[in-house]
Structures are given as structure tokens and as C-alpha cells.
Amino acid sequence: MSKDLPKSYNHADYESAIYTRWEASGFFDPDNLPAAEAGLPGEPFTIMLPLPNANAPLHVGHALGLTVQDILTRFARMRGRRALWLPGTDHAGFETQVVFEKKLEKEGTSRFKMTREEFYKACWNFVQENKHLSEQGIRRLGASCDWSRNIFSLDPEIVKVVYETFKKMHADGLIYRGNRICNWCPKHQTGLADLETKYEERIEQFYYFKYGPFVIGTSRPETKFGDKYVVMHPDDKRYAKYKEGDKLNLEWINGPTVATIIKDKAVDMEFGTGVMTITPAHDAVDFEIAERRKLDIEEVIDKRGKLLPIAGEFVGQKIMDARSLIVEKLRAKGLVDHIDDKYTHNVQLCYKCGNLIEPQIVPQWYIKMTASFTDNETKQERPSLRDMAVAALDTKEVEIVTEKFEKIFRHWMANIRDWPISRQIWWGIPIPVKYCKQSLESLPRRQAGKVESQACGQPVVDIENKIDTCVGCGGGVIADPDTFDTWFSSGQWPYATLMASDAKKAAVGQPANDFATYFPTQVMETGWDILFFWVARMVMLSYYRTNKPPFAKVFLHGLVRDKDRQKMSKSKGNVIDPLGVIDMYGTDALRFALIFSTAAGNDIPLAEDKIKGMKHFANKLWNIARYIAALGEPLTTAVPEAKTPADQIILEKLNATIIAVTNNLENFRLHEAAQSLYDFTWHEFADIYIEATKTQLLNSESKNFTIQNLYYILNNVLKLLHPFMPFVTEAIWSELYGQEKLLMVEPWPVTK
RNA sequence: GCACGCCUAGCUCAGUUGGUUAGAGCAUCGCAUUUACACUGCGAGGGUCAGGGGUUCGAAUCCCUUGGCGUGCACCA
């Protein structure tokens, strides 16, 4: 019986209905897959959806990641594996707070005009809305993820796992509270990790001031009020007559002062005059010298970037406003030696707002990255977190697809420093620590050089929020006001999600063995821009907590750029909206265009022409099916018969294509798999073989096996293409064979 | 400064461990016209694989070098 199909494939007629059928089938949940039901469970295949941030709509970069992950998941599923693609959303602490604060700003308010509770609730609602939108977008991309396990990083079950890790690390001595200089963003009022700052080259003035008998250089006159140490290199012959510890009386900005000579090798003799004064509270290098030499540390600038009383008449002024006034005053006092107008240097900026980072001394929680430790439970000696991660690469327990990124990863690991995990923001997981109230109040928190635990014992980790009495003095306690760096929780994602899933199941009396079954995961697919932020942390934390790698392979995709290789940005107007593209050309066209000509990790130029071309490909496939369907039913669709030379050639090429596609998918060469499918389908199958069948079909002897071969090849092509173009292939499949059998769970082709 | 990568057709890019005549999409040009599909088919032009040197029977691919472009990390007052 022949079928009449419409002349061209109209994606809008099929996509949403097909997704609904997939979802209703229950096969996104691997526990429902036929093999598992039949008591023949395939090997699990797990992949975690990398956390779309709950603060922004999907962009084309998400579309790429989702496509790659869906291809891998569908491929695994069709090969009989229990494929679990676990979707989730990250609260994305700082990122979301920044976005939400901008929104508040537009509405003429700010978080500082709200209570913390009000802010948190408003932010929660904002995130829920966006989360819903993202999830709809993910569905439109055809993502075959298991919504029954959908999870949010602020779900209590996740928070519990995160807290347990914190407690264990604290018990193991890997976490400490450091009262050190950190990267402080005066706009966002929080400390930031080095990764969360960026550098920008600027040409500014460099000032040379007379400091007693010396000339000192500085780019930041506004920090110089409290300077009382003058530092030079011990081998600098120019200053040999000054000895360590010598005191000098001299005139400075706000009057006479006493300076102490310090000799330290941290000074670069070649730079400036080889003499500097130090400002330990607002400069990392100066702080390091002061800490090492036990020098006094005095704050000059407050957390909002205004001068403190030590600045005398300048108190309360913003540092940038004060700078020129201070220079004028020094000039009036005859203390300006000269000024270099063309001083090129790099300034450190907040990666979000681009404001200058103001180094400040703020107590923060840190994780030791390079210290080996004794596991408090097992009493076993274990290597440092860094060393565990590097060992994972050495043993190939974790492999990063494309060597280039492995090198970058190792380089970063070699230079890693302790990770500050506390943030002074409100949107996030609170740090589960209590302090003695009395000691906190008697010692103003965040006062430079003081640690709040001095009065009454140590801070106490309280993950169940039960402690209300200070163990030292018996008085009240105060909860740590800070939240975790988002990456501390998302860094635990691969195991935390599965542990949390078990906790949820156990709570309703279901068998809970997700962690046992689906961990470690097989693949982590994400953009290279979060290799350090996320991938590195997952590897370290997973080995720490589970003794296992979080995933076997890391597949890093590149940035999607426009056709001229420009970064997509709203201001350039070159942003491709994935949902708009889907409306116009269909999901399959977008997916295939994204995958088609890119290697792992390389940036992807995406032009509308390419997407359009792939829509043509979907239509070509549709018309191949239409041609074949019109020929009527075959005797069998399972056995090909190579009787004519054309048959032989096409069946050989099909076998070669099956092998190539399978092999390329196994090795993450998705673009090569896509290219060979495109080429085979269009130029071998359609252009050559189908043209040849027009003659073969005229002959009644060859008609039957020709129809048989056409179906056989079409079926295989549909299966091979399904991971890449799930909608059009499923649409054709159901037009041919009805809606009962889903292509999604058909077995993967094998060669005949 | 430390590290990494890239340079292949007009444009955007593929090219796995070295192995036929170096490929695709788009663009260009010619031909075909009620065809499963114009969202088409057939065909053509277009490359010193950045330059130079080396290893090899053989190099876009490996090594050295020069030039150009880019990225990550660090960062000096």
C-alpha cells in the first residue's frame, strides 16, 4: 500500500507532538527502557545536563551543548544502554544575583533597600520563572533527558550533600577560615576568586613622590596615607647605607610620620626607583610582605571604596575623586618628584561589572588545594585535591577530549592556589557555620588583622542548624552571613544529583540505587570557558568525596560565533536566537548545522545560510522517504539483496557509513559522523542509488528486491540520523510504520 | 613573563594513527525543466595546504625555524 506524504517536510506539524510522545513513552527514564524491563539491563550511560543558569533564556551556546549531549544520549540508548541524561538547573549564585540586581536597579530599587529575606524570596521567584522557560526551550531542542529526575541546586537534598562535604572537609583540615587579602568588588560587595576577575591594560599616571630621602613610585596615591614601611631590596647598593629597622622621621601627606626601613627580596630593583612603601591592607604583594614580616596592617579604604579616617581631611571621599586632590596636596608640600604620564599596566576588574577590584582583607573560607591530608574517618593519608585531579589525567580515569585542553588543565592545576569558597552575597547556599555572638560583637567582623574566633574557640560547623549556644562561653551564637561560591555546590553535581535522587526516592519508599547504578557518569559535556570553574572542581571534589572520577570523558565544545567569527552579543545585534531559528527552519536543521562542521573544542561559526541548508537536508530525507513510501510495502525490511552493481555499491557504502558513524560517535567526532551521513544520504543514496532504482523498478524481476533494498537502506539511514535529527527521522518512521513503535528505542544499525 | 593553539578554495571550516588525484557547506559559472524533492538534478572553475628548512619510499599531517593571528594563566609598587 503506497502512502501519500506532503511534498515537503513541515517541522511545525510534527515536532511538538513527537516530543510529547517521547516523553509520554517513559523511555527518557532509563529504568523504563525495554532492556531493563525485560530483566536484561544494559550498561548504564549517564550524562549530566550542565546546569543552565536559572537567570537567562537559552542561547545558541546552550543549543549546541544540548545537541551534543542529546546525540550521545540517543546513540547510547539505541545501542541498548540504560541512558540517563539527568537535567538540572543551577541557582548560579553570583551570576543570578548580578542579573537580578540589575533588574532591581531598573525598577529603581536595590538589594540594600530590602531585607535579606525579601531579596531571597524575590530572587527565588525570578529564578522559578526562568527555570520554567529554560525547561521549555530544552524540550523544543528535542533533548531526551529524564524529567522525572529533574533537580535544582537549591533542593534540600542537594544542599544536604553539599553540607556533608563541607563538614567532612572541615574535619579533614582541608577547609580553613583565612583572614587574608582577597579580591573585593566594591560594587557587588563580595570577595571573588581569582577566576572571577579579569585584567585590562590601561595607560595611567605613575607618580614619584619624595618620601624622606627616597623617591617612591606608586600608581595609587590614595592608598598611601598609612604607609610607614619603606622597602628595598637587601642587595640594592644604592641604598646600602640604610639598615633594616632604621627609623626615619619624614613629612608625609597629612603631617610628620616615622618610617621604618625594611629590606625584602620581593622588591624588584629594576622597577621604578627600587624603593617602595607598602599598603598591606590593599595590595596582595604588600600584604604578603607584611604577613611574613609581622608588620602592622592598617586599612585605608572601606569596603565601598571610600577613604577611612586615617585619610584625615580626605575621609569619606571616593578613592578616584580623592586621587588628584591628594597629588595636589603633595605637590603643594613639595613632595612630588615627577609624574610619568604613560605608565602601561594591567588593572584587575570584576568579571561581571568591570569595576576595579579593590584588594581588601576580609575573612573568607578557603579550601586547601595543594595540601595532602589525613582522612578523618579512615585515618588514611590522601594526596592533595590538586594531585588527585592530576593523577586522574595520568591514569586516564578522566580523559579530556582534545589534548589541547588537557594541557591547559594541567597548566592551571600546576599554578593553582587555595580556593576561596565564601561569598558575601545573599543568593546562594548559606555557609553552615556558627560563631560566638559575644566574640563577634566585641570584635567587629572583617576588621583587618583580627579573626573573630579569637575570643571564644573556633567557628563551629552546624549542618543541621541545631547549635544555638557557644561551646566556649555558653552565650548565644550567630550564623555565618555568607554563602558558598556556586561552584562549590555545582562542583559536586555529578554525585550530588544522584545522591539527592536516592534521598528523594527513599523518602517515598521507592528503591534508591541511582548513585550505585549511575555513578560515575560517562561524559561531561560543556563549554571550555568553564573548564576551571567547573570541570576542575568536579574532578577534585568527586575524588575527595567518592574516591571515583565524576566522569570518564570531558567533551568541551567551543563558543558559537557568527559567520564572521565575531562573538555573539546583544550590542552587536548578531545574536542567533535558537528558538526563533527553530520556528523558521526546525530543530533538526539547527542541530545539524551546529554539529556539521566543527571539531571538539573549536569555536563554531554559525550562519543562517548553513541552517537553511540543513533544512534542505531534512527535506531531502523526507522526499527520499516519500519516494520509497510511494512504491508500496516491501516483502521484508530486514534483508538487503545485492544483485545489481548499483545494489552492491550502495550496500557496501552503507556498511562503511555504519562503521564510520559508530566509530566517530564513540570517539566524539560528531561532525565527522554528521558529514559522512550527509554525504551518504544525499550523494550516494539519493543521487546515485535512487536514480538507478528508477530503471531497476521497471523490471518486474528486480522490482521486489529493489524495494526491499530501498527500505533497508532508508531504515538504517533513519536510525543513523536519529541522534542528530530526531524529529524528522521519528516523523518519517511513524509515517511508515505507525506511532506504536518509536524510532528512539530502535536498535542501532549493524553491518550486514 | 609562563603556557597553549591557529594559518587549507572567494567566505566559513573539516581533514583520526603520515598513504590513491587534498574535501564539505555557502558563493560563482554552465546545462537540465511539470521530476520523490526547485528546499531539485548533472557538470565546471577555483588550493605552491602561511614562508623556509629537515626526517621519510611518501608530509596538509612529524621535527626545526621565520612571520602573522588568537587564547588561557600570572602580573611590579
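This structure is a prediction, so every number in the text was calculated from the model and none was measured. Throughout, a chain's letter reflects where its sequence line sits, starting with A, and its residues are numbered from 1.
For the C1' atom pair drawn from B:U65 and B:U55, the interatomic distance equals 15 Å after rounding to whole Å. Rounded to a whole angstrom, the distance from the C1' atom of B:G58 to that of B:A36 is 46 Å.
Judged by Watson-Crick or G-U wobble contacts below 3.5 Å, the nucleotide B:C69 has B:G5 as its partner. Of all nucleotides present, none satisfies the Watson-Crick or G-U wobble test against B:A77 with each distance under 3.5 Å. In this structure, B:A24 forms a base pair with B:U12, meeting either the Watson-Crick or the G-U wobble geometry with both donor-acceptor distances under 3.5 Å.
In the set B:C76, B:A77, B:C73, the nucleotide with an atom closest to the side chain of A:V285 is B:C76. For A:R669, the listed nucleotide lying nearest its side chain is B:U16; candidates were B:U16, B:C73, B:A77. Candidate nucleotides B:C4, B:G72, B:A14 were compared by shortest atom distance to the side chain of A:K404, and B:C4 ranks first. Distances from the side chain of A:R626 to the nucleotides B:C76, B:A36, B:C73 place B:A36 closest. Proximity note for A:Q675 (side chain, C-beta onward) versus B:A14, B:C4, B:A77: the nearest is B:A14.
In summary, the side chains of A:Y211 and A:D227 do not present any donor paired with an acceptor at a separation below 3.5 Å, with no hydrogens or angles considered.
Under 4.0 Å is where a charged nitrogen must lie from a carboxylate oxygen, and between A:E200 and A:R202 at least one such pair does. Of the charged side-chain nitrogens involved, none lies within less than 4.0 Å of a carboxylate oxygen, so that A:E244 and A:K263 do not count as a salt-bridged pair. Salt bridge A:E608/A:K615: absent, no basic N to carboxylate O contact under 4.0 Å. A salt bridge between A:D394 and A:R410 is present, with a side-chain N of the basic residue lying under 4.0 Å from a carboxylate O of the acidic one. A:R292 and A:D264 are joined by a salt bridge, as a carboxylate oxygen and a charged side-chain nitrogen come within less than 4.0 angstrom of each other. Ionic pairing of A:K612 and A:D609 is not present here: no N-O contact between side-chain nitrogen and carboxylate oxygen is shorter than 4.0 angstrom.
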For this session: Could you encode protein contacts along nucleotides 38-46 of chain B as a string, one character per nucleotide from 5' to 3', using B for base contact, S for sugar-phosphate-only contact and - for no contact, with a heavy-atom cut-off of under 4.0 Å?
Result: -BSSS----

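Comparing A:D679 and A:L195 against RNA chain B, the residue whose closest nucleotide sits nearer the 5' end is A:D679. Two residues, A:Y627 and A:A266, neighbour RNA chain B, and the one matched to the more 5' nucleotide by heavy-atom proximity is A:Y627.
Contacts of A:I216 with the nucleic acid, taken as non-hydrogen atoms under 4.0 Å apart, are absent. Within the nucleic acid shown, A:V267 comes within 4.0 Å of at least one base atom, counting heavy atoms only. As judged by a 4.0 angstrom heavy-atom cut-off over every strand, A:G217 is placed among the base-contacting residues. Among the atoms of the strands shown, base atoms are found under 4.0 Å from some heavy atom of A:K694. Note on A:D194: only backbone sugar-phosphate atoms sit closer than 4.0 angstrom, heavy atoms only; bases stay farther off. Among the atoms of the strands shown, only primed sugar atoms or phosphate atoms (P, OP1, OP2) are found under 4.0 Å from some heavy atom of A:S219.
As a whole-Å value, the separation of A:Y199 OH from B:G72 C1' is 13 Å. Between the OH atom of A:Y711 and the P atom of B:A36 there is a distance of 15 Å, rounded to whole Å.
Among A:Y14, A:F617, A:Y627, the single residue meeting the ring-ring contact (aromatic ring centres under 6.0 Å, His included) criterion with A:W622 is A:Y14.
Between the side chain of A:N346 and the base of B:C75 there is at least one donor-acceptor pair of N/O atoms closer than 3.5 Å.
The phosphate of B:C26 (OP1 or OP2) has no side-chain N or O of A:K612 nearer than 4.0 angstrom. Side-chain nitrogen and oxygen atoms of A:R417 include at least one within less than 4.0 Å of the OP1 or OP2 phosphate oxygen of B:C75.
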